[in-house]
S.K.: 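Sharing a structure below in structure tokens format, with a few things to ask.
A note on names: the letters A, B, ... follow the listed sequences, proteins ahead of strands, and every chain is numbered from 1.
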2 protein chains.
Amino acid sequence: MKRSGADAKLVDRIAGDCIAVRVRLINRVISAVYDEALRPLGIRISQANLLVAVARMGEARPVDLCKVLRIEKSTLSRDVEVMKGNGWLESDPPVGGRNQVLRVTPAGRDLLARSRPAWEAAQAEASRLIGAPGVDALKEIAGRLGLGTPAG
Amino acid sequence: MKRSGADAKLVDRIAGDCIAVRVRLINRVISAVYDEALRPLGIRISQANLLVAVARMGEARPVDLCKVLRIEKSTLSRDVEVMKGNGWLESDPPVGGRNQVLRVTPAGRDLLARSRPAWEAAQAEASRLIGAPGVDALKEIAGRLGLGTPAG
DNA sequence: ATGACTAAGTTGTATATGCGACTTCGGCCG
DNA sequence: CGGCCGAAGTCGCATATACAACTTAGTCAT
């Protein structure tokens with residue numbers, strides 16, 4: 001069962017053009033850069049993102065975070081659980097009731113402040129890897145996809 | 001504990017500039033587009049990517065796949081396990097020896113062929129969401145990050 | 001040839017991610 | 001006021017992802 005002509009064409013087309021292949025690879029490589037830089041601090045870039053989003057909102061309702069970050073509610077629920085366990089987030093009321101709001105704890109704020117140098121280093125490395133035009137393009141794309149637009 | 005000036009600046013800087021935030025959001029949104037389109041076929045875009053990569057190589061050694069896809073060896077090991085279970089990949093020898101090679105099964109090839117329309121639809125939708133210049137930029141970035149370059 | 005070293009793969013553990021099903025509040029309608 | 005409905009959250013399940021530790025199989029030097 002060798003690659004017949006039609007198969008090869010399809011395979012080459014997907015491998016050569018697929019947007020998802022590229023987006024996913026970029027995600028792995030870039031996330032690794034930030035994770036590596038942040039590792040000494042015990043936080044991952046996914047968690048730092050969430051921490052920043054909550055900090056930005058002051059008091060964040062889970063459903064709003066989901067809209068802003070384009071994350072599924074069940075995913076957010078579990079991410080928050082881990083971060084509460086780490087002492088970086090707290091909710092009011094503590095139990096997963098209905099109109100709970102999330103807040104960054106003092107420990108969370110402290111961690112964020114201490115993370116700055118590592119974040120800056122990762123950001124510089126990512127910029128170098130991607131190139132300035134690429135960075136601009138990513139910002140443009142993320143904006144198109146609704147970054148920061150609660151109303152999806 | 002309200003947002004003091006310094007905190008707000010740091011938070012705004014990260015939220016406003018962080019490359020990882022954007023890359024990860026793009027990844028979630030775009031992967032969802034492909035996953036949704038492929039769902040009726042019972043395959044995910046991550047798996048389709050792997051299937052295509054193996055098909056392209058003909059006979060693929062895991063370690064080479066890891067280099068090409070920039071995936072950790074343990075991740076690949078488990079992804080392959082699932083895909084063997086689904087009958088899309090086979091290895092020779094079957095047990096996880098040393099110089100095993102992976103091959104796409106006839107069922108895997110058939111699935112790939114049947115997936116084409118869904119993939120094309122997802123590709124079109126992703127292009128629309130991202131915009132033509134953005135698509136070009138993503139290709140350029142992925143190339144810079146070594147897409148298709150076995151030697152990392 | 002044999003022992004040391006190294007590279008390749010697997011397994012344990014943890015997090016990230018999403019779908020589907022379920023639960024439980026809140027608000028609205030009569 | 002009481003019941004219904006829909007939205008918000010949680011939980012079960014499956015996969016994707018990576019690090020650390022371990023296993024094993026080639027390789028290489030003597």
S.K.: Using side-chain hydrogen bond (donor to acceptor under 3.5 Å, both in side chains) as the criterion, list what pairs up with E125(A), not counting sequence neighbours.
M.R.: R128(A)
S.K.: Choosing from dT17(C), dA8(C), dT17(D), which nucleotide comes nearest the side chain of T75(A)?
M.R.: dT17(C)
S.K.: Counting the atoms with a prime plus P, OP1 and OP2 as sugar-phosphate, which does R39(B) contact under 4.0 Å by heavy atoms, base, sugar-phosphate, or nothing?
M.R.: sugar-phosphate
S.K.: By salt bridge (charged side-chain N to carboxylate O under 4.0 Å, His left out), which residues pair with R144(B), not counting sequence neighbours?
M.R.: none
S.K.: Below the 4.0 Å mark, does dT24(C) have OP1 or OP2 next to a side-chain nitrogen or oxygen of Q100(A)?
M.R.: no
S.K.: Mind jotting down which residue pairs meet the salt bridge (charged side-chain N to carboxylate O under 4.0 Å, His left out) criterion with at least one end in residues 32-43 of chain A? Sequence neighbours excluded, please.
M.R.: none
S.K.: Would you check if the side chain of R116(A) reaches a backbone N or O of L10(B) as a donor-acceptor pair within less than 3.5 Å?
M.R.: no
S.K.: Go through the N and O atoms of the side chain of S74(A) and the base of dC19(C), and report whether any donor-acceptor pair is under 3.5 Å.
M.R.: yes
S.K.: Between residues 16-38 of chain A and DNA chain D, which residues have a heavy-atom gap below 4.0 Å?
M.R.: R24(A), R28(A)
S.K.: Could you say whether K73(B) or N86(B) is positioned toward the 5' end of DNA chain D, judged by the nucleotide with the nearest heavy atom to each?
M.R.: N86(B)
S.K.: Could you tell me how far apart L76(A) (CG) and dG18(C) (P) are, to the nearest whole angstrom?
M.R.: 10 Å
S.K.: Please list, chain by chain and in numerical order, all residues satisfying side-chain hydrogen bond (donor to acceptor under 3.5 Å, both in side chains) with K139(B), sequence neighbours excluded.
M.R.: D17(A)
S.K.: Name every residue in residues 41-51 of chain A that has at least one heavy atom under 4.0 Å from any atom of DNA chain C, in order of residue number, or write none if there are no such residues.
M.R.: R44(A), S46(A), Q47(A)
S.K.: For L65(A) and dA16(C), what is the distance between atoms CG and P respectively, to the nearest whole Å?
M.R.: 14 Å
S.K.: For E72(B) and dA18(D), give me the distance from atom CD to atom C1', rounded to whole Å.
M.R.: 6 Å
S.K.: Holding to side-chain contact (heavy atoms from CB on, under 4.5 Å), I want the full list of residues that pass it with T75(A), two or more places apart in sequence or in another chain.
M.R.: I71(A), E72(A), D79(A)
S.K.: Under 4.0 Å, counting only non-hydrogen atoms across every strand here, what does I71(B) touch: a base, just sugar-phosphate, or nothing?
M.R.: sugar-phosphate
S.K.: Under the rule for side-chain contact (heavy atoms from CB on, under 4.5 Å), what residues qualify as partners of V54(A), not counting sequence neighbours?
M.R.: L50(A), A60(A), L65(A), L89(A), L102(A), V104(A)
S.K.: L89(B) has an atom CG; how far is it from atom P of dT15(D), in whole Å?
M.R.: 14 Å
S.K.: To the nearest angstrom, how far is E81(A) atom CD from dT15(C) atom C1'?
M.R.: 12 Å
S.K.: K84(B) NZ to dT15(D) P: how many Å, rounded?
M.R.: 16 Å
S.K.: Does dG9(C) have its OP1 or OP2 closer than 4.0 Å to a side-chain nitrogen or oxygen of S77(B)?
M.R.: no
S.K.: Tell me whether the side-chain N or O atoms of R78(A) pair up with the base of dG12(D) as donor and acceptor below 3.5 Å, since no angle test is needed here.
M.R.: yes
S.K.: Decide, yes or no, whether a salt bridge links K9(B) with D12(B) under the criterion of side-chain N to carboxylate O below 4.0 Å.
M.R.: no
S.K.: Under the side-chain hydrogen bond (donor to acceptor under 3.5 Å, both in side chains) rule, collect the residues that match up with S31(B), sequence neighbours excluded.
M.R.: R24(A), N27(B)
